[in-house]
Amino acid sequence: MAGKIKQMIDAILARRADDNELLQRVIKTKLILKGINPAKYDEQSFDDPAIIARLEKMAQELCR
Amino acid sequence: MAGRIKQMIEEILAERSKGNEMLARVIRTKLILKGISPEKYTDQSDDDPKIIRKLKKMTKEVSHGNKRPFMNIRTASSEKNTAEDAVDELMGIFGSNNMKMMIFFASAKFDPEEISARMQAAFPGVTVFGCSTAGEIVSGRLLKGSVVAMAFDEESLLDVKVEVVRNLKRKVDVGDAFCSFERHFGEAADEMKPSQYLGIILIDGMCGLEEKVMDAIGDKTNVIFLGGSAADDLRFRKTFVFANGRSYADAAVLTLLKPAAPFDLVKTQSVRAMGAELVVTKANEDKREIIEFNNKPASIAYAEVLGVSVHELAACFPSHPLGLVIDGEPYIRSPTQISGDSVFFHCSSVEGMPLSLLELTNLIEDTRNVLERSRAKLGGISGVIVFNCAHRALELEFNKQSREYGELFAEIPTIGFNSYGEQFIGHMNQTATMIVFR
């Protein structure tokens, strides 16, 4: 399976930043500081369970 | 000198178009009609004084067109030896009229409980908060052993709320503070607009938990929190934050405010990437320790990219820190010491994080440029709060540039302090974070 990580990142960005470009940059920076670089993942990226678990935790924190 | 023209054009475009591409095209056309073609200028273009004069006139016109208010900000400082005398002097300068919020930074020579209690007692009914320092900054001067303060009146601040997050070492939990902010402002924290709200964080500079606190804040809200880690005149023993007439260690003071005028949040660091990259492959985040870079012992890998021996590595730390570069912006991690094969930093990095090797650039020129950019963006500056890394202050002292640095702020009501870490979205080192008010 592939593409889940990008999908989860996009969902976090949509929830917290809408279409606001400045906010998108801020949220991306927060993700990178947490250790996940959105630019690294696309639809073909392997669904790494460790990254998915981290993103699930982040989504809980970022999108309550 | 080069690149100023491109910078001024970009500032005019940013101010007038507010990110709207169609408006940006219109402004570019107007500039061409005025005889200045934006495409002609790059970072390498000569700073032609004639063109700069024309652009300054245009910037002024842009500013005059703005009807937005300016903040009414006042600053004061005291170099008296006792807390009592220093606070008396500040009282004499500020008076007591129409004040809503005061932020102050005090040398570690003052007893923390006494200075905080006296400051609050001197300005009853005012939201007073601050922290201890490793040197203070006030308009035009860098001081040692002083108290500097900035006062905001009722018209300048629509609202403000201070919360103290205590016992950080037991558990980093900003939940109660944010519940209080939500109750006070009547708005959910994740709905608050970063253009309307501004967060200031002052945190115990010896707690080693700034990353975790910033991470927790970032999860709660899109409002940008910016600030600095309290310091203690480079003794590295105990640092304090102040609020409500009390002093606190192992704590952070979070202040959420709604300024009446626009503001700009600045992060500036005088470094550039040298091209080499070290990927963190093994780390102990809690200890800010990097055990391995590129699957090699950290000290060996770091020394290798610098082309020096491990014995020479520590001497290179001040001039060659590492940085996480995001969109071209370095978030600096300053190394502190080598222990075994590990390298310890003033800021943690997570495994998998690529860190760029950095070298220093001109701190004075870089700071002048960001202030000019901010001035053009806001159409004027009524006040600046600076959180300046103590490492930068040492660099300025070493290069005998402290006076020149202070003079950058001579015409602006400014206060600040030399900090043990800086915060802007995350935690970082060797940086100056600034709040610039219009």
Side-chain angles (χ1 to χ4, degrees), chain A, chain B residues 14 18-21 172-175 178-179 182 188-195 199 210-226 264-265 267 279-280 283 285 323-331 333 347-355 423-428:
Chain A
M1 296 286 287
K4 178 102 193 278
I5 294 174
K6 182 178 187 301
Q7 197 184 314
M8 291 179 80
I9 291 170
D10 287 346
I12 289 173
L13 286 168
R15 166 71 179 83
R16 283 294 290 260
D18 284 329
D19 289 332
N20 184 320
E21 201 186 312
L22 183 83
L23 274 185
Q24 291 214 0
R25 280 214 303 272
V26 171
I27 305 295
K28 277 181 190 161
T29 301
K30 285 180 187 177
L31 286 167
I32 294 169
L33 289 169
K34 285 171 185 282
I36 293 181
N37 186 347
K40 274 189 171 175
Y41 300 97
D42 60 22
E43 283 84 0
Q44 277 70 52
S45 301
F46 166 66
D47 288 349
D48 181 337
I51 303 286
I52 288 173
R54 283 176 70 186
L55 279 167
E56 274 169 355
K57 189 166 170 277
M58 279 182 211
Q60 265 175 14
E61 288 162 354
L62 283 162
C63 305
R64 267 172 298 204
Chain B
K18 302 276 187 281
N20 181 317
E21 192 41 47
V172 171
D173 183 357
V174 299
F178 274 84
C179 283
E182 289 180 341
D190 61 355
E191 298 290 330
M192 291 175 179
K193 290 194 169 56
S195 56
E210 290 98 326
E211 303 89 332
K212 289 191 167 64
V213 175
M214 288 305 289
D215 192 46
I217 291 171
D219 289 344
K220 292 276 179 198
T221 183
N222 284 341
V223 173
I224 307 279
F225 272 72
L226 179 154
D264 190 23
L265 304 179
K267 172 178 95 65
V279 178
V280 180
E285 278 181 56
L324 171 66
V325 180
I326 304 174
D327 291 334
E329 272 288 308
Y331 290 71
R333 276 85 179 103
C347 178
S348 71
S349 301
V350 300
E351 287 178 7
M353 197 176 258
L355 299 180
Q423 290 82 42
F424 176 86
I425 305 177
H427 171 61
M428 65 211 75

Handout entry: Side-chain (B:E351) to main-chain (B:A283) donor-acceptor, under 3.5 angstrom
Key = yes
Fill in the blank from the handout: With chain A, the option among B:G218, B:P194, B:S349, B:G352 that has the most non-hydrogen atom pairs under 4.5 Å is B:G218
Fill in the blank from the handout: Okay, B:N222 and chain A: the region with an atom under 4.5 Å from a heavy atom over there is both
Practice task
Check each atom of A:I32 against the heavy atoms of chain B and say whether the ones under 4.5 Å are side chain, backbone, both or neither.
Solution key: both
Practice task
Apply side chain to side chain contact (heavy atoms under 4.5 Å, CB included) to B:D190 and B:T221, showing your working.
Solution key: CA-CA 4 Å; B:D190 61 355; B:T221 183; 5.8 Å; no
Handout entry: Part of A:I36 within contact of chain B (heavy atom distance under 4.5 Å)
Key = neither
Handout entry: Residues B:D219 and A:K57 bridged, charged N to O under 4.0 Å
Key = no
Exercise for the section: Check whether A:K34 gets within reach of chain B through its side chain, its backbone, both or neither, counting any heavy atom under 4.5 Å. Expected result: both
Practice task
For the pair A:R15 (side chain) and A:A59 (backbone), establish whether a donor and an acceptor sit closer than 3.5 Å, ignoring hydrogens and angles.
Solution key: no
Practice task
Taking salt bridge (Lys or Arg N to Asp or Glu O under 4.0 Å) as the test, write out the residues that go with B:E191, two or more places apart.
Solution key: none
